[in-house]
There are 2 protein chains.
Amino acid sequence: MRPFKHPPASDLILERVLYALSDPVRLEIVQRLAEVSEASCGELDGGRPKSSMSHHFRVLRDAGLVMTKSVGTTHMNSLRRSDLDARFPGLLDAILAQRS
Amino acid sequence: MRPFKHPPASDLILERVLYALSDPVRLEIVQRLAEVSEASCGELDGGRPKSSMSHHFRVLRDAGLVMTKSVGTTHMNSLRRSDLDARFPGLLDAILAQRS
DNA sequence: TCCATAGTTCCAATATTATCGAACTATTGA
DNA sequence: TCAATAGTTCGATAATATTGGAACTATGGA
């Protein structure tokens, strides 16, 4: 599988980031990734169809929130925390402080 | 004109707030309101049709970001900064720190 | 080589949103 | 009371998003 395209930190757009996080499914993915620091797609679906999850991961990747790399037959996702903290200081902290 | 419905601070929903801010027009409104602290709708349209602006103000109000009160024939809008800071500490600061 | 697993891509259906003109409402001032 | 101003509401249209099934791709293991 060809590697995914991840925008460089300097290209991150605030509106895009906020939009990506405005969906409950995606926000939960990000919250989980903040805890475990790395997880496969399968570990993060809530019994949801794979195609739906694939869509959400793509939105998160395109917004620059999540980094995905191939590891064997799975895709490992991680939060681009340092990039985000550098570009939008305090944003992720404020969002993750939210207890759902 | 009947007063607007504003959600209490305790009812604010993170996803809703993020969604409201993910639109460029609305984000700009919020950024401007952070500077001037109070402004009428007309002062904040960028030559955009009134009906469009009215829509955006409603989204901002419903999300709990903006407070609107009638003053004579105009509607004065202000950022619900203290409510937002109490509910989502640091969020608004992080977003407003962004220079567009 | 064959099969299972993990995700992606494609597609169509449904739903949500943005935009803006037109009609409407409320308030002020003449 | 009438006109002007400030916004809202309504309605239609176009754009964009979400969802999920089906087919496809890539990798690892038997």
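None of the values given here were measured: they were computed from a predicted structure. Letters A, B, ... mirror the listed sequences (proteins, then strands); counts begin at 1. Heavy-atom basis, side chains included; hydrogens, waters and symmetry copies ignored.
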Q: Of all the choices, C:dA18, D:dT8, D:dT18, which nucleotide is nearest to the side chain of B:Arg61 once you look at every atom?
A: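 From the listed options, D:dT8 comes nearest.
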Q: With respect to the side chain of A:Ser40, which nucleotide from D:dT18, D:dG7, C:dG7 is positioned closest?
A: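 Minimum distance to the A:Ser40 side chain belongs to C:dG7.
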Q: Salt bridge check: are A:Glu15 and B:Arg26 linked by an N-O gap of less than 4.0 Å?
A: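 The answer is no: the pair does not qualify as a salt bridge.
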Q: Hey, does the side chain of A:Glu43 reach the backbone of A:Ser40 with a donor-acceptor pair shorter than 3.5 angstrom?
A: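 It does hold such a pair.
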Q: Name the nucleic acid region contacted by A:Thr74, choosing base, sugar-phosphate or nothing; use a 4.0 angstrom heavy-atom cut-off, strictly under.
A: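 Sugar-phosphate, backbone atoms only, no base.
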Q: To the nearest Å, give me how far apart CG (B:Asp62) and P (C:dT16) are.
A: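 From B:Asp62 CG to C:dT16 P: 15 Å.
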Q: Looking for any heavy atom pair under 4.0 Å, which part of the strands does B:His55 touch: base, sugar-phosphate only, or nothing?
A: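 The residue B:His55 makes base contact.
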Q: Between C:dC20, D:dT9, C:dT8, which one does the side chain of B:Arg58 approach most closely?
A: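 Selected nucleotide (nearest to the side chain): D:dT9.
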Q: Could you check B:Ala39 against A:Arg26 and say which one's nearest nucleotide on DNA chain D is further toward the 5' end?
A: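 It is B:Ala39, whose closest nucleotide lies nearer the 5' terminus.
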Q: Whole Å only: how far is the CD atom of A:Glu43 from the C1' atom of C:dA6?
A: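 Value for this atom pair: 12 Å.
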Q: Between C:dT5 atom P and A:Asp45 atom CG, what is the distance in whole Å?
A: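 Answer to the nearest Å: 15 Å.
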Q: Measure from the side chain of A:Pro49, starting at C-beta and using heavy atoms only, and say which of D:dG20, C:dG21, C:dT8 lies closest.
A: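 Among D:dG20, C:dG21, C:dT8, the one nearest the side chain of A:Pro49 is D:dG20.
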Q: Classify the side chain of B:Ser51 versus the base of C:dG21 as yes if they form a donor-acceptor pair under 3.5 Å and no if they do not.
A: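 Check passes, donor-acceptor contact within cut-off.
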Q: What is the distance from NE2 of A:His56 to P of D:dT19, rounded to the nearest Å?
A: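 In whole Å, D:dT19 P and A:His56 NE2 are 4 Å from each other.
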Q: Please report, rounded to the nearest Å, how far the P atom of D:dA17 is from the CD atom of A:Glu15.
A: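 Going from CD in A:Glu15 over to P in D:dA17 covers 14 Å.
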Q: Whole angstroms only, please: what is the NZ-P distance between B:Lys50 and C:dA18?
A: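 One finds 21 Å between P of C:dA18 and NZ of B:Lys50, rounded.
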Q: Within the structure, does a side-chain N or O atom of B:Tyr19 lie under 4.0 Å from either OP1 or OP2 of C:dA18?
A: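 For C:dA18, OP1/OP2 do have a side-chain N/O of B:Tyr19 under 4.0 Å.
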Q: For the pair A:His75 and A:Phe4, evaluate ring-ring contact (aromatic ring centres under 6.0 Å, His included) and give the outcome as yes or no after the intermediate values.
A: CA-CA 10 Å; A:His75 287 178; A:Phe4 295 103; 5.1 Å; yes
Q: Of all the choices, D:dG7, D:dT8, D:dT19, which nucleotide is nearest to the side chain of A:Ser52 once you look at every atom?
A: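 The nucleotide sitting nearest to the side chain is D:dT19.
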Q: Please state how far atom CE in B:Met76 lies from atom C1' in C:dA26, giving the value in whole angstrom units.
A: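 Rounded to the whole Å, the gap is 16 Å.
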Q: For the pair B:Asp93 and B:Arg81, find out whether any cationic side-chain nitrogen is under 4.0 Å from an anionic carboxylate oxygen.
A: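 Yes, B:Asp93 and B:Arg81 are salt-bridged.
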Q: Can you check the A:Ile29 CD1 to D:dT18 C1' distance for me, whole Å?
A: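 Taking CD1 of A:Ile29 and C1' of D:dT18, I get 13 Å after rounding.
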Q: Of the candidate nucleotides C:dT8, D:dT27, C:dA18, which contains the atom at the shortest distance from the side chain of A:Thr73?
A: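 My answer, after comparing the listed nucleotides, is D:dT27.
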Q: Picking from A:Leu12, A:Leu14, A:Val17, what satisfies side-chain contact (heavy atoms from CB on, under 4.5 Å) with A:Arg87?
A: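 One option only clears the test, and that one is A:Leu12.
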